[in-house]
Amino acid sequence: MNRRGLFPLILAALIATDFAYAGDSVPLFLPFQGRATDTSGQPIVSPPNLTVRFRIYPAAGACYIYEDTQSVATNGYGFFSVILGGLANRTGPANNFADVFNNDVTVADSCASTFNGAANEWRRLEIVVDGVALPTMQTIAASAFSINSNMLDGKTSAEYIQVNGAVTQANMATLVGTGDASALHHHDGLYMGLSGNNAISGNITSSGSFYGVGAGSTIGIGTASPIADFEIRRTSPSILLGATAAGGGTPSITFTSGATQRARIQASESTNEMRFYTGSTEAMRLDAS
């Protein structure tokens, strides 16, 4: 029988489409098994071997994005088994086999153009035997377990931090770890950059300064709309200048015009008296007498 004068028929099935683009920890190959028969249904037995081209297409379109050409040997029943994805057998566009099934990257196609898959888009497999293409293509979809490769611990990729630019894995490890992250963020600009619509509960501590930027900045305690630069509005408001015990200092309130002192109210940590200054000259002193 001159089988090459007959239209070849291959009844084939993808027996393990567990391919998933999940990193280098998984084998990036696609097992394929089929049975070759002639038009009368008789098995095609090697030798000679069949030259079979396996072409992978997008869900739609006439341009394939991968071609694997192999010399296929069949057994006495026409059955054969091959592994797709080896670079030595690649005869089509120079795409990595993993990228062919990745809808997040752009790959080349056989029409000298490019293809970028839509979300959840599948692929089609065309089989060409000794130069003759089978009349129908097979659908390549996910197997039961590889469906879960689209998730990680039940979360999609959108729920994880995407590294880009200055946001790198190394910088994130420094930021949330024990290293010095001062070059990666600015405490005043980010952590204290709150608008009037934000509320803070608890205490605010700082070894630096708190300040409002701009001539219109105000600070309110007990009011969201202070009418003075600094305003306390509550029952029995108070301001306490608490000196350390026996510190020997001079708590004071100073009034300036630029760098010039215009007036000052000053107390002593060691005596019970109050002094009033105009400019830098003491104008009045109050004590227990």
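In what follows, every heavy atom counts, from backbone to side chain, and hydrogens, waters and symmetry copies are set aside. Since we're looking at a predicted model, the values are computed, not measured.
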Test item: Asn75 side-chain N/O and Gly78 main-chain N/O as donor-acceptor pair under 3.5 Å: yes
What one should report as the nearest heavy-atom pair of Pro58 and Cys63 is CD-O, 3.3 Å
Side-chain touch Ile44/Arg35, heavy atoms, less than 4.5 angstrom: no
Work out which heavy atom in Glu126 is nearest to a heavy atom in Ala133; give both atom names and the distance. OE2-CB, 3.9 Å
So if I apply the side-chain contact (heavy atoms from CB on, under 4.5 Å) rule between Phe54 and each of Val82, Thr91, Asn89, which one comes out positive? Val82
Under 3.5 Å donor-acceptor, Arg90 side chain and Asn95 backbone: yes
Looking at every heavy atom in both Ser113 and Asp109, which two are closest together, and how far apart are they? N-OD1, 2.8 Å
Within-4.5 Å side-chain heavy-atom neighbours: Glu269 and Pro251: yes
If we ignore angles and hydrogens, is there a donor and acceptor under 3.5 Å between the side chains of Arg123 and Asn103? yes
Show, in sequence, the C-alpha distance, side-chain angles and deciding distance for Gln138 and Phe32, and conclude whether the side-chain contact (heavy atoms from CB on, under 4.5 Å) test is met. CA-CA 12 Å; Gln138 299 185 46; Phe32 185 91; 4.1 Å; yes
Among the clusters formed by ILVMFWY side chains lying less than 4.5 Å apart, do Tyr66 and Val105 turn up in the same one? yes
Would you kindly confirm whether Ile265 and Leu286 end up in one hydrophobic cluster when ILVMFWY residues are joined by side chain heavy atoms under 4.5 Å apart? yes
Approximate separation, where rounding is to 0.5 Å, of Asn116 CG and Ile65 CD1: 10.5 Å
Dump the intermediate steps for side-chain contact (heavy atoms from CB on, under 4.5 Å) on Leu50 and Asp130, then the final yes or no. CA-CA 6 Å; Leu50 298 169; Asp130 288 343; 3.6 Å; yes
Under 3.5 Å, is there a donor-acceptor pair between the side chain of Asp38 and the main chain of Gly41? yes
Point-to-point distance, once rounded to the nearest 0.5 Å, from CD1 of Ile227 to CZ of Arg233: 5.5 Å
Nearest heavy-atom approach of Thr218 to Pro226 is OG1-CG, 3.2 Å
Rounded distance [0.5 Å steps], CG in Asp229 versus CD1 in Ile219: 9.0 Å
In this structure, is the centre-to-centre distance between the rings of Phe97 and Phe29 below 6.0 Å? no
Measure across Thr223 and Glu231 and return the closest heavy-atom pair with its distance rounded to 0.1 Å. CG2-CD, 4.1 Å
Pairwise distance CD1(Ile140) to CG(Leu84) - rounded to 0.5 angstrom: 8.0 Å
Begin with the C-alpha distance, continue with both residues' side-chain angles, and end with the deciding distance and a verdict on side-chain contact (heavy atoms from CB on, under 4.5 Å) for Val128 and Val52. CA-CA 6 Å; Val128 181; Val52 183; over 6 Å; no
Within the 4.5 Å heavy-atom criterion, are Ile253 and Leu241 side-chain neighbours or not? yes
Ring-face cation of Arg262 near Phe255 (centre distance under 6.0 Å, axis angle within 45°): no
Once you measure the plane-to-plane angle for Tyr64 and Tyr57, does it fall in the parallel (<30°), tilted (30-60°) or perpendicular (>60°) bin? perpendicular
What distance separates Thr74 OG1 from Asn49 CG, expressed to the nearest 0.5 Å? 7.5 Å
Under the 3.5 angstrom rule, does the side chain of Arg264 hit a backbone N or O of Tyr277 as a donor-acceptor pair? no
Taking Asn96 for the side chain and Ala98 for the main chain, is one N or O donor matched with an acceptor at less than 3.5 Å? no
Looking only at non-hydrogen atoms, find the nearest pair between Ile232 and Pro237 and report the distance. CG2-CB, 3.7 Å
Side chains of Arg53 and Thr69: donor-acceptor distance under 3.5 Å anywhere? yes
When you compare the side chain of Val167 with that of Ile161, does any pair of heavy atoms fall below 4.5 Å? yes
Apply the test side-chain contact (heavy atoms from CB on, under 4.5 Å) to residues Phe115 and Glu121: give CA-CA distance (whole Å), side-chain angles for both, the deciding distance (0.1 Å), then the verdict. CA-CA 12 Å; Phe115 165 75; Glu121 185 171 348; 3.6 Å; yes
Pairs flagged by salt bridge (Lys or Arg N to Asp or Glu O under 4.0 Å) wherever residues 274-289 is involved - sequence neighbours left out: Glu273-Arg275, Arg275-Glu282, Glu282-Arg285
If you count the non-hydrogen atoms of other residues, nucleotides and ligands that lie under 6.0 Å from CZ in Phe230, is the total more than 12? yes
Do Gln169 and Asn171 have side-chain N/O donor and acceptor atoms under 3.5 Å apart? no
Is there side-chain contact between Arg124 and Ile56, with heavy atoms separated by less than 4.5 Å? no
Any pair with a residue in residues 134-143 that passes salt bridge (Lys or Arg N to Asp or Glu O under 4.0 Å), sequence neighbours left out, goes on the list, sorted by first then second residue, please. none
CG of Leu125 to CE of Met137, rounded to nearest 0.5 Å, is 8.5 Å
Side-chain donor-acceptor contact under 3.5 Å, Ser270 with Ser268: yes
